[in-house]
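Read through the structure below, which is laid out as structure tokens, and then see the notes.
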2 protein chains.
Amino acid sequence: MPEQTTGASRPTLEAVAARAGVSRATASRVVNGGVGVRAPLVDKVRQAVEELGYVPNHAARTLVTRRSGAVAVIIAEPEFRIFSDPFFEQQVRGISRELTAHDSQLVLLWVEGPGDHDRIARYLGGGHVDGTLAFSLHNDDELPALIARARIPTVFGGRSEAGQRLAVPYVDSDNRGGAREAVRHLVSLGRRHIAHIAGPRDLMAALDRVDGYHDVMMDADPALMSQGDFTEESGARAMAELLDRRPDLDAVFVANDLMASGALRTLRERGVRVPEDVAVVGFDDLASVVRSTDPALTTVHQDIEGTGRLMVKLLMRLLDGTGGPVPASVITPTALVRRASA
Amino acid sequence: MPEQTTGASRPTLEAVAARAGVSRATASRVVNGGVGVRAPLVDKVRQAVEELGYVPNHAARTLVTRRSGAVAVIIAEPEFRIFSDPFFEQQVRGISRELTAHDSQLVLLWVEGPGDHDRIARYLGGGHVDGTLAFSLHNDDELPALIARARIPTVFGGRSEAGQRLAVPYVDSDNRGGAREAVRHLVSLGRRHIAHIAGPRDLMAALDRVDGYHDVMMDADPALMSQGDFTEESGARAMAELLDRRPDLDAVFVANDLMASGALRTLRERGVRVPEDVAVVGFDDLASVVRSTDPALTTVHQDIEGTGRLMVKLLMRLLDGTGGPVPASVITPTALVRRASA
DNA sequence: CCCAGCACTGAGAGCGCTCCCATGAATACC
DNA sequence: GGTATTCATGGGAGCGCTCTCAGTGCTGGG
């Protein structure tokens, strides 16, 4: 038995079986849960595992089961800044946690541009991972097509045109509903001239929030709409424009907290009182922003980590083929959080 | 030949060999570079690979070569915020790029606390990855010990007590040297009362910068030292304290750009002119900060992405066993970037 | 013209594991 | 008490690949 002499290399199942005095098959059963093995044998194997410090060889297992126990999270370079986005962090955290709960690992795939597509396609084709998770933010992204071509189970984070066209399931917050709730809240406060500061035009989440705004403000003056790019700076600028165009506005729904923070700054600089003169509602409920605004920001909360977890859950159902058919999308609810600004 | 009928499953080397009319061994040689195979056969195999869309099965390869082609990047939960740190982002980017250049993949391991240690240890022991990369920032971290116990090749990012004790190679910026250069520059400007705003006391990088400051200001008044925690807010506060204690100070070296930005704000609020009255030097050369300060911030540049790449290079040498002995540490140079603030 | 020497190629073992199937023991049924 | 049935266990094939080693066809020297 060479296993005993080659003490340097890691013990195999064979060694465990030999030590426990059972066959490799039985040892395997115990290692994988031990169903259908009698208690005394289970114990003997468990003990052998313990004593030998046995850890299953992942490659060997993958080779036969055709399951790698890993999931790729694809990050496209155009949005790499997203990486330092608290948003993204929370989502990845959720993904990581849920993956751990499913005994899977997270492989980070950083796509640096079309030149990388080949490499990624080969990687996805190589059976390294069981499925992928991707964020399709911009509509012009080539990533969805790439993933579709690799024919690997995938779930998207965020609604996207390409994703829907390719029938890839996605998870998203109820952006439209959340926006609607925000604007309705402003209406219920008796506000009549409610403006909107929108996010980037190529971002579905931003567009959905615009739609939600229009659901309530069906015949709003176009002058009450202003365009930002989700940065604080752009929010400040958009607010200034709005005030110039419609000095009579009495409320503003801002498409994200960062821009809302900028809007608040402009209002303060112009001596406009919040919420007395103008009520402000944001979106995201970002801890770092919400904590520091003055007055405290009323905003639409979304469960980002939960979204990440849901992506994994959906993917796992896709992989198992159990739990019934996989829905085309899952929309997580949002909730208005009332603070001082509206 | 069942391979042909099971069109659904991916082609194997066997299928490629059959199609090219060669043996599996020869096909394997071609796929792995094709040395020692005559040109016509190489072409035939290449063509078969192309036509069949063959992608090597990773698990099978790993099983025999004992190399997974993956490297784990370990992120410890106590520092999870670091994830949204531009710093960390750049470092991971460098790691990702260099890993790609070495045909390796990045597996993200998110450690959520001591409860996770078992899971991680088992993972590292399971041959999933060839080596690990970890960031040991705080001195009280248990992570280094955990990794050491797993006996897996590792490189640390950042100097740490534990890392040095366990003789794990590390890569770090020349924090001390950079700080020295910053302070020397202030001296060369004729400044005499040079203060320092330090970073967190449990962070080696911050301590090294303090040491660099002291290297030049050997008998500095302790009143010229102030403590921050690397946030903008803390920089503003520390600057205020310094001005109260030593109104005659004419320069300040701040341990990072974020705090420098805060310090600049305090100085502006107090009507202190920069650099005329007080010269300010930061550390990091963070694009997002440096771009927006007024006046433009003079700071110490460090090559974060390069540090990440170096970590990978070092690890690869550790794995290959080639390229000579692996140094205990690699320190990347820093460089003072002169702008308007000093 | 024969054989040593060389360059290529193929046969086959084996990496560590799971899973199918056969075997044997124990229990149930009539 | 004999056979059908269940249940636990072991034997062994085989996942797709790499790698050693033997074999094949050449060339060149004697």
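Remember, predicted model here, so these are calculated numbers, not experimental data. Lettering of chains follows the sequences in order, A, B, ..., and the numbering in each one begins at 1.
Residue A:L314 holds its CG atom at 11.0 Å from CD of A:E98, rounded to the nearest 0.5 Å. With values rounded to the nearest 0.5 angstrom, A:H58 atom NE2 is found 11.5 Å from B:L63 atom CG. To the nearest 0.5 angstrom, B:F156 atom CZ is 8.0 Å from B:I74 atom CD1.
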Protein-nucleotides 4-7 of chain D N/O pairs under 3.5 Å:
none

Sub-3.5 Å pairs of nitrogen or oxygen atoms, protein against nucleotides 24-27 of chain D:
none

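Partner of A:V171 under the side chain to side chain contact (heavy atoms under 4.5 Å, CB included) criterion, out of A:V155, A:L315, A:V312, A:I331: A:V155 alone.
Checked for salt-bridge contact, B:R67 and B:D130 meet the test: a charged N lies under 4.0 Å from a carboxylate O. Under 4.0 Å is where a charged nitrogen must lie from a carboxylate oxygen, and between A:R309 and A:E305 at least one such pair does. A salt bridge does not link A:R46 to A:D43: none of the charged side-chain nitrogens sits closer than 4.0 Å to a carboxylate oxygen.
Contacts of A:S329 classified as side-chain hydrogen bond (donor to acceptor under 3.5 Å, both in side chains), with partners at least two apart in sequence or in another chain: none. For B:S104, the side-chain hydrogen bond (donor to acceptor under 3.5 Å, both in side chains) test picks out no residue, with sequence neighbours left out.
Applying the 4.0 Å criterion to OP1 and OP2 of C:dG10, one finds that B:T26 has a side-chain N or O inside that range.
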- Assign a letter to each nucleotide of nucleotides 16-25 of chain C from its 5' end: B, base within under 4.0 Å of a protein heavy atom; S, sugar-phosphate only; -, no contact. BBBBB-----
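In this structure, the side chains of A:M316 and A:V71 come closer than 4.5 Å at one or more pairs of heavy atoms. Here the side chains of A:L133 and A:T154 are not in contact, with every heavy-atom distance at 4.5 Å or above.
In the helix from C:dC1-D:dG30 to C:dC30-D:dG1, the end axes, each obtained as the rotation axis mapping the C1' atoms of four pairs onto the next four within a five-pair block, lie 50° apart to the nearest 10 degrees.
Residues B:N57 and A:R66 have side chains that never bring a donor and an acceptor to within less than 3.5 angstrom of each other.
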